[in-house]
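Notes for the one structure printed next.
For ligands, and for the atoms within them, numbers begin at 1 and follow the listed sequence.
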Amino acid sequence: MSVKVFFLCLALLVLAARLLLDWFNLQYQKQNGGELPPAFASKIDAERLQRSREYSRAKGLLGLVEEGGGGLLTLIFLFSALFPWYDQYIRSFASGPLSEGLLFFGLIVLLQGLLGLPFSLYRNFVLEARFGFNRMSFGLWCADLLKSLLVGGVLFVLLVGGALLLVQSFPQSWWLWVWGFWAMLTLFLLYLSPVLIEPLFFKMSPLKSEALAEQVRLLLIKVGLQAGKVLQVDASRRSGHSNAYFTGIGRVKRVVFFDTLLEQLNEKELLAVLAHELGHWQCGHIRQRLIKGQVVVLACCYGSFLLLQKQSLTGWFGFDELSFAGQVLLLGWFGSLIGFFWTPVSSWWSRRQERQADNFAVDLVGGGQDLATGLVRLAKENLSQLHPHPLYSRIYYSHPPLLERVAWLEKQTKK
Ligand SMILES: [Zn+2]
């Protein structure tokens with residue numbers, strides 16, 4: 001069996017595994033979605049439960065089509081005559097490695113974006129609208145699209161163009177330079193994104209409720225994080241979904257509440273959610289994620305350097321010659337195959353951090369009751385899937401499944 005055939009088999013196996021997992025998840029929901037554990041029974045009625053089942057199913061089916069279609073198109077492109085033709089075509093009018101690389105990847109990214117547009121339209125204006133979540137006008141959707149194109153374009157030229165220049169300038173050690181350059185950009189973006197990028201899409205402001213702001217201030221003092229910012233964002237302009245997140249390092253550390261979340265939870269529940277987010281700060285999760293990400297990027301850069309130096313991929317795929325960009329594309333695709341096997345590890349790590357943050361919140365607010373009721377209320381408002389397939393959640397879930405999480409939190413209260 002040639003290496004190319006081996007790759008094709010591996011890719012088909014991974015695609016089949018992904019689609020099967022989606023399918024298992026849909027079936028599991030169908031079979032078990034009607035049951036409610038006692039902790040939820042008084043809070044979610046039969047009608048809500050039915051709607052959440054329908055919503056999960058509709059989202060799951062769309063995901064299945066998107067994943068299957070995307071996966072197959074990628075394979076057709078890479079394993080047919082299209083790929084060498086595209087490689088040749090770009091080379092025929094590019095004037096050097098830099099323009100060649102930018103054109104090569106730029107057109108592919110654009111094409112991917114174009115193919116994704118119908119899905120984005122359907123998701124927002126059909127699926128989300130049907131369940132009452134979409135609040136976006138078509139105008140706002142278009143404006144978002146244009147701004148994303150602009151921001152994406154600038155970042156693309158910086159990231160890809162910068163890396164290509166470094167590859168040319170340091171042929172024997174570019175892997176280290178490219179990694180260093182990307183690491184620096186990541187760090188810059190952490191500081192610059194709240195000032196340059198986020199305001200293009202969202203309006204962040206201090207908490208409007210004075211009473212809540214005062215409680216938040218007291219909680220921040222309690223954990224010694226007075227310098228951190230707690231903000232609210234006008235997420236309701238786009239969607240009825242609610243959430244909270246933490247981000248940033250150093251002086252740009254902040255917790256952000258969606259305004260929809262502020263409407264849905266009571267003050268105690270909001271403080272419990274905040275305590276969880278503060279747990280991420282206190283446990284150093286941002287730092288850990290950054291370091292983990294950088295280690296992975298460094299390993300990928302070095303691995304790519306070794307494979308590209310020997311031109312291994314060109315031979316493996318049976319090509320006489322392939323541009324540098326073409327080889328990098330193959331590498332990226334190969335990396336995405338390996339990424340599938342890495343996903344469960346990464347998810348496990350993330351769930352572990354979420355449990356640590358929950359632990360922290362329980363200690364800080366003296367019990368898990370408020371976080372538990374808050375999470376159940378959020379699940380109800382967002383029509384969250386309550387019954388993921390155990391294998392599916394183990395592989396993909398960044399947070400522990402809700403039933404498990406709430407059961408654990410409620411136990412902490414009774415201690
Ligand atoms: Zn969290």
Side-chain angles (χ1 to χ4, degrees), residues 190 193-194 198 202 204 207 212 215-216 219-220 222-225 228-233 235 239 241-249 252-262 264-293 343-382 384-386 388 392-413:
L190 266 177
S193 167
E198 282 164 29
F202 303 106
M204 304 264 181
L207 294 174
L212 179 64
Q215 292 296 322
V216 163
L219 202 62
L220 285 177
K222 203 169 161 186
V223 289
L225 277 169
K229 275 190 191 148
V230 179
L231 303 168
Q232 70 178 68
V233 61
S239 160
H241 283 297
S242 48
N243 207 348
Y245 65 92
F246 76 104
T247 177
I249 47 167
V252 289
K253 257 187 206 165
R254 63 206 188 281
V255 170
V256 179
F257 284 124
F258 284 24
D259 53 357
T260 37
L261 185 92
L262 296 172
Q264 289 163 2
L265 299 190
N266 68 35
E267 198 176 290
K268 277 184 162 176
E269 291 164 346
L270 283 169
L271 289 173
V273 171
L274 175 64
H276 168 94
E277 302 301 335
L278 294 179
H280 283 305
W281 276 356
Q282 290 297 70
C283 303
H285 291 163
I286 273 270
R287 207 177 41 235
Q288 285 175 26
R289 282 177 204 185
L290 257 175
I291 294 173
K292 190 187 91 175
T343 310
V345 181
S346 177
S347 301
W348 168 82
W349 187 320
S350 171
R351 287 197 300 272
R352 192 169 153 258
Q353 292 188 333
E354 294 302 333
R355 279 192 206 100
Q356 286 173 350
D358 277 352
N359 266 323
F360 182 89
V362 165
D363 287 344
L364 188 62
V365 300
Q369 192 64 46
D370 293 326
L371 188 55
T373 59
L375 289 175
V376 174
R377 209 187 300 262
L378 285 182
K380 179 182 157 189
E381 296 292 341
N382 289 303
S384 306
Q385 183 174 14
L386 296 177
Y392 186 90
S393 57
R394 195 161 290 180
I395 292 178
Y396 290 119
Y397 270 33
S398 60
H399 290 63
L402 191 74
L403 299 190
E404 185 189 312
R405 199 171 167 196
V406 167
W408 183 84
L409 283 167
E410 299 219 314
K411 246 197 284 175
Q412 305 314 303
T413 317

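Side-chain atoms of His280 and Glu354 include a donor-acceptor pair closer than 3.5 Å. A donor-acceptor contact closer than 3.5 angstrom links the side chains of Gln264 and Ser242.
Annotation: the span from Gln353 atom CD to Gln288 atom CD amounts to 5.0 Å, rounded to 0.5 Å. In this structure, CG in Leu371 is found 11.5 Å from CG in Leu271, a value given to the nearest 0.5 Å.
Under the 3.5 Å distance criterion, the side-chain polar atoms of Glu381 are left unmatched by any main-chain donor or acceptor of Leu378.
Taking the six-membered ring where the residue is Trp, Tyr392 and Tyr397 present perpendicular rings, their angle passing 60° and hence far from 30°.
Neighbours of the Zn ion (ligand 1) restricted to protein N, O or S atoms under 2.8 Å: the count is 3.
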